[in-house]
Amino acid sequence: MSTEFGKGCHLHLIDGSAFIFRAYHALPPLTRKSDGLPIGAVAGFCNMLQRYVEGNTGPDAPTHVAVIFDHKGKTFRNDLYDLYKANRPPTPEDLRPQFPLTRDATRAFNIACKEVEGYEADDIMATLACQARDAGGRCTIISSDKDLMQLVGGGVEMLDAMKNKRIDRDGVIEKFGVGPERVVDVQALAGDSVDNVPGAPGIGIKTAALLINEYGDLESLLDRAAEIKQPKRRQTLIDNRAQIEMSKTLVQLDCEMQLDFTIGDLEVRDPEPEVLLGFLAEMEFRTLTKRMADQLGQEPPVITEPAAVAAAPIEAVPFDRDAYTCVTSAEELQPWIDRIQQRGWVAVDTETTGLDSMVVDLVGISLCIEPGEACYIPLTHRAAAADDLFGSDELAEGQMPLAIALEMLKPVLQDPAILKIGQNMKYDAKILHRYGVDIAPIDDTMLMSYALHGGLHNHGMDTLSDRYLDHTPIPIKPLLGAGKSAITFDKVPISDAVPYAAEDADITLRLWQLFKPKLHLSQVTTVYETLERPLIPVLATMEMHGIKVDRDTLSRMSNAFAQKMAGLEDEIHALAGRPFNVGSPKQLGEILFDEMGLEGGKKGKTGAYATGADILEDLAGTHDLPARVLDWRQLSKLKSTYTDALQDHINADTGRVHTSYLQTGANTGRMASSDPNLQNIPVRSEEGRRIREAFIAEPGNVLLSLDYSQIELRILAHVAGIDTLKQAFADGLDIHAMTASEMFGVSMDEMTPDIRRQAKAINFGVIYGISGFGLARNLRIPRAEAQGFINRYFERFPGIRTYMDATVEFAKEHGYVQTLFGRRIHTPEIAAKGPRAGFAKRAAINAPIQGTAADVIRRAMIRMPDAIAHLPARMLLQVHDELLFEVPEAAVEETIATAKSVMENAADPAVHLDVKLIVDAGRGANWAEAH
DNA sequence: GACATCACG
DNA sequence: GACGTACGTGATGTCC
């Protein structure tokens with residue numbers, strides 16, 4: 001949303017850095033109780049914002065507001081004078097981690113938050129103040145920094161928030177002895193010891209004002225310096241002319257910065273109570289949370305008291321498999337429960353009869369409270385049978401009844417004051433849910449590692465234990481066996497199960513102790529707490545709902561495909577002159593290139609002929625056989641992967657298919673779906689799309705598909721700051737046609753589908769880290785021509801080049817890139833030599849775009865359950881930029897409106913995108929119709 | 001278990 | 001100047 005700024009409007013600019021430093025020095029070094037994160041400055045900052053917001057009433061209230069921060073690192077003034085601000089004391093160590101939190105705080109108050117690399121906050125405020133004045137509006141700069149006084153006048157004033165004193169033209173004259181327009185002249189002469197601006201030695205503000213008033217301005221003074229009567233003063237000005245002129249450029253603020261936003265974007269917005277209170281509670285500001293809740297008329301969220309601080313250092317306790325306890329009775333379990341309640345947290349792991357959490361049975365539970373102290377509670381292990389062929393239905397000796405164990409553990413597992421720690425908690429949560437336990441609150445070491453180490457390695461327990469605990473866990477293979485003779489965990493003897501299961505909980509607890517403090521050191525606490533952890537229950541619910549799949553439809557299709565394939569196979573064999581396995585690329589290659597002598601060489605390290613679709617398509621013009629093979633392959637894929645395999649995934653109890661989402665599946669922040677993968681159900685080909693007819697809604701319901709339109713290109717337009725693209729999206733243009741029009745000089749009316757198609761390929765190529773070769777292959781055009789397209793694209797949209805170069809540079813410097821929401825994707829290969837460098841570069845360019853899009857839909861998914869709680873709608877699937885719902889017909893319209901709004905506003909308030917997100921909706925009795 | 005292929009965003 | 005290249009996934013069948 002953005003409104004025009006003009007007459008009658010009033011812009012407030014808050015000097016964020018001044019707020020931070022004042023807050024930091026005004027308060028004792030407070031730390032967050034739960035983890036020791038320093039938060040004193042953030043607390044003071046929030047208090048100041050709260051008081052500011054509270055006092056914003058009456059005729060003087062702002063219509064627009066922003067908090068302006070200094071961007072970290074050097075500014076253009078350092079290029080002018082390398083000693084600029086060189087004698088500033090270094091930033092205190094405990095203040096550093098608080099800088100990003102003050103940005104978070106600002107956004108939590110729903111106030112615009114701006115900073116620009118290479119510039120100081122003062123320049124941004126100067127530019128905005130000038131813009132506000134030129135537009136005929138008012139501007140109040142909330143700061144007492146004298147460097148800003150040059151801006152006063154013509155509707156611009158300053159406000160010293162501490163003294164609640166307005167500074168107008170008279171105030172400036174009082175301070176500098178000259179009007180605002182001559183302040184820089186005085187500063188250039190007087191210098192500034194704080195900012196290390198040299199000025200003229202021996203001349204202070206008083207003398208400077210005297211001189212400027214006498215000679216009119218600095219230039220005249222310097223030109224006529226010889227006329228000065230006092231000899232010392234005269235000599236100083238003559239000797240130091242260059243230094244004085246340089247000082248003026250240092251203190252002169254830049255009123256003409258190019259900003260990627262307008263004042264209109266800074267419109268005052270009310271805080272969203274949920275977001276603001278959530279942030280304050282996360283910071284554990286008890287008093288402020290309450291005060292703010294009162295002010296907003298909301299119930300304050302509960303901030304749990306953290307339990308006593310963690311125990312022995314991790315290295316101090318060696319792993320000891322013999323030290324683990326087997327809990328066999330209620331009497332033995334009770335002391336563990338007592339200790340968990342004292343401690344306030346526990347690592348939990350469940351053992352089950354398999355991997356399909358919708359089907360398998362609970363076999364046992366392990367717990368760990370302190371490193372090295374873990375227990376396993378066997379519950380449904382089977383007794384070894386005499387013949388040992390089929391096992392026994394009898395429970396093994398030495399186990400407490402499942403019902404009793406659950407009855408005792410349930411209060412602990414559901415206790416809001418006890419944190420349950422797990423590795424891949426979604427799995428355990430789903431299992432426990434089937435036994436009537438809704439586990440919460442939780443932490444998940446797998447997701448912590450994903451937030452910390454995304455891109456470096458996978459996040460399975462074995463990997464993490466090896467890497468971070470220097471300990472190889474007991475392998476499961478020897479216990480279960482492999483292949484046909486594999487057994488399920490309930491058949492494992494309890495004596496073998498105890499060390500294995502208890503060790504998993506032990507490892508999980510140790511990883512948690514290690515990762516928890518690392519989260520905020522790496523500044524990914526927010527990612528973990530707002531993008532990862534809250535998604536667990538959302539995904540668990542979606543997976544448990546599943547989607548209805550009609551077996552008969554699939555079965556009919558399968559038969560039809562089989563028939564067609566048989567026909568094609570005969571044709572292919574006839575064309576080849578002999579029968580062969582059409583499904584074997586090796587045999588096909590030999591037929592095509594050796595026996596039939598078609599053009600096209602060997603490829604790949606294995607020496608086999610490449611027979612991919614692109615190659616066969618090229619050959620299809622010369623011969624019928626490759627064309628038939630392409631048809632056959634398409635059918636074969638559809639039949640084996642979809643119509644056949646999908647049927648095996650229909651749950652016998654629910655009649656639905658329950659996929660499993662792997663939250664840590666993709667390095668970019670995307671999720672992966674497996675068993676079955678429901679993120680790659682065919683849609684591009686007409687025949688393939690019919691598979692989706694088998695995905696249906698329950699009677700009386702419809703499937704609802706909501707998908708983001710061009711989300712990655714929109715994000716690219718935002719992050720690379722491409723005004724033409726932003727405008728095109730704002731105008732609702734066909735973005736590929738617009739690109740074509742810009743690049744090829746074709747007007748939109750003269751657009752042909754082919755030109756548009758080429759532009760579309762380029763747009764996608766850009767997102768992927770374009771190369772001439774890649775584009776040439778994709779468009780099947782000469783490489784030089786493709787390179788020409790790319791060059792023209794970069795000429796037309798120079799910001800894209802800049803973005804790409806800057807991203808790669810960032811990756812080289814930091815070893816990671818990040819999304820707009822702070823997710824870090826590590827790029828360990830970025831320094832590699834040879835072709836691997838190319839891969840790493842393109843991945844680094846793509847990751848922030850793909851990752852930001854992934855973060856956006858995650859935020860939407862996390863908010864969705866509450867948003868649609870009043871509706872009979874259920875969220876079923878996520879396909880990267882699409883959410884699929886099942887909803888009774890009567891509630892369709894309201895569900896569309898609600899869910900669409902959640903999705904379109906998902907970036908707010910954490911990130912304000914310059915480009916609106918648009919969501920398209922479709923509905924139908926099945927997925928083919930809905931999409 | 002590696003490889004090739006192909007389904008999706 | 002040459003290198004090989006679109007980004008991110010999962011499932012299937014062949015072949016060793």
Side-chain angles (χ1 to χ4, degrees), chain A residues 454-455 482 580-589 603-616 629-630 632-646 648-649 659-662 664-685 687-689 691-692 707-713 716 761-779 783 786-787 790 817 825 832-851 853-854 857 877-882 931:
Chain A
F580 70 101
N581 185 347
V582 184
S584 163
K586 185 166 174 270
Q587 294 180 30
L588 176 66
K603 251 197 185 173
K605 298 139 227 169
T606 52
Y609 290 113
T611 65
D614 47 347
I615 302 212
L616 296 188
V629 172
L630 281 169
W632 183 91
R633 277 194 184 161
Q634 190 198 8
L635 294 173
S636 162
K637 181 82 178 180
L638 294 176
K639 182 174 185 304
S640 66
T641 309
Y642 299 104
T643 57
D644 291 353
L646 214 43
D648 301 335
H649 284 285
T659 184
S660 178
Y661 288 103
L662 188 60
T664 60
N667 287 336
T668 52
R670 272 199 185 173
M671 294 189 295
S673 154
S674 67
D675 307 296
N677 181 356
L678 294 187
Q679 291 182 323
N680 70 346
I681 302 301
V683 71
R684 290 175 188 170
S685 77
E687 278 150 309
R689 184 155 52 231
I691 304 277
R692 294 186 175 222
D707 71 295
Y708 285 105
S709 159
Q710 307 286 8
I711 185 167
E712 292 193 349
L713 276 176
L716 175 71
I762 297 166
N763 274 334
F764 278 106
V766 165
I767 292 174
Y768 299 150
I770 199 159
S771 77
F773 185 92
L775 183 66
R777 202 179 56 176
N778 192 287
L779 286 177
R783 195 172 152 178
Q787 192 56 53
I790 293 168
V817 293
I825 297 121
K833 291 267 173 268
R836 280 157 65 180
F839 278 112
K841 262 186 171 178
R842 291 191 297 271
I845 290 167
N846 173 258
I849 302 169
Q850 188 182 116
I857 196 166
L877 299 179
Q878 188 249 41
V879 192
H880 308 309
D881 64 358
E882 172 189 7
H931 188 81

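No hydrogens, no waters, no symmetry mates; every other heavy atom, side chains included, goes into these values.
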Partners meeting ring-ring contact (aromatic ring centres under 6.0 Å, His included) with [X] (sequence neighbours left out):
X: A:F839; value: none
X: A:Y661; value: none
X: A:F580; value: A:H573

Original post:
On a whole-Å scale, what distance lies between the C1' atoms belonging to B:dC6 and C:dG4?
Top reply: 22 Å
Original post:
When the P atoms of C:dT5 and B:dA4 are considered, how many whole Å apart are they?
Top reply: 12 Å
**OP:** Report the residue from A:K586, A:Q587, A:R633 that forms a side chain to side chain donor-acceptor pair (under 3.5 Å) with A:T611.
**Re:**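 Output: one option passes, namely A:R633.
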Original post:
Can you tell if the side chain of A:R689 reaches within under 4.5 Å of the side chain of A:H931, non-hydrogen atoms only?
Top reply: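 No, every pair of side-chain atoms sits at 4.5 Å or beyond.
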Subject >> Beyond-backbone contact of A:I762 with A:I770, side-chain heavy atoms, under 4.5 angstrom >> reply: yes
Identify, with sequence neighbours excluded, every residue that meets salt bridge (charged side-chain N to carboxylate O under 4.0 Å, His left out) alongside [X].
X: A:R783; value: none
X: A:D675; value: none
X: A:K841; value: none
X: A:R777; value: none

Original post:
Using a cut-off of 4.0 Å on non-hydrogen atoms, how would the nucleic acid contact of A:A645 be classed: base, sugar-phosphate, or nothing?
Top reply: sugar-phosphate
Original post:
With a non-hydrogen cut-off below 4.0 angstrom, is A:Q634 in contact with a base, only sugar-phosphate, or nothing?
Top reply: sugar-phosphate
Protein N or O to nucleotides 14-16 of chain C N or O, pairs below 3.5 Å:
residue : atom : partner : partner atom : Å
C:dT14  : OP1  : A:N581  : ND2          : 3.3
C:dT14  : O3'  : A:S584  : OG           : 3.3
C:dC15  : OP1  : A:S584  : OG           : 2.4
C:dC15  : OP1  : A:Q587  : NE2          : 3.3

Original post:
Once each nucleotide of nucleotides 2-9 of chain C is scored for protein heavy atoms under 4.0 Å, what B/S/- sequence comes out, 5' to 3'?
Top reply: --BBBBBS
To the nearest Å, how far apart are [X] [atom1] and [N] [atom2]?
X: A:D644; N: B:dA7; atom1: CG; atom2: C1'; value: 15 Å
X: A:Y609; N: B:dC3; atom1: OH; atom2: P; value: 20 Å
X: A:K637; N: B:dA4; atom1: NZ; atom2: C1'; value: 10 Å
X: A:Y661; N: B:dC8; atom1: OH; atom2: P; value: 16 Å
X: A:W632; N: C:dT12; atom1: CH2; atom2: P; value: 15 Å
X: A:I681; N: B:dC6; atom1: CD1; atom2: P; value: 18 Å

Original post:
For DNA chain C, what dot-bracket results from Watson-Crick or G-U pairs at under 3.5 Å, with [ ] for crossers and | for inter-strand partners?
Top reply: ......|||||||||.
Original post:
Which residues pass the side chain to side chain donor-acceptor pair (under 3.5 Å) test with A:K637, sequence neighbours left out?
Top reply: none
Subject >> Any A:S685 side-chain nitrogen or oxygen under 4.0 Å from OP1 or OP2 of B:dA7 >> reply: no
Subject >> Contact under 4.0 Å: A:R684 side-chain N or O vs B:dG9 OP1/OP2 >> reply: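 Checking B:dG9 against A:R684, a side-chain N or O does come within under 4.0 Å of OP1 or OP2.
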**OP:** Not counting sequence neighbours, which residues clear side chain to side chain contact (heavy atoms under 4.5 Å, CB included) with A:A645? List them please.
**Re:** none
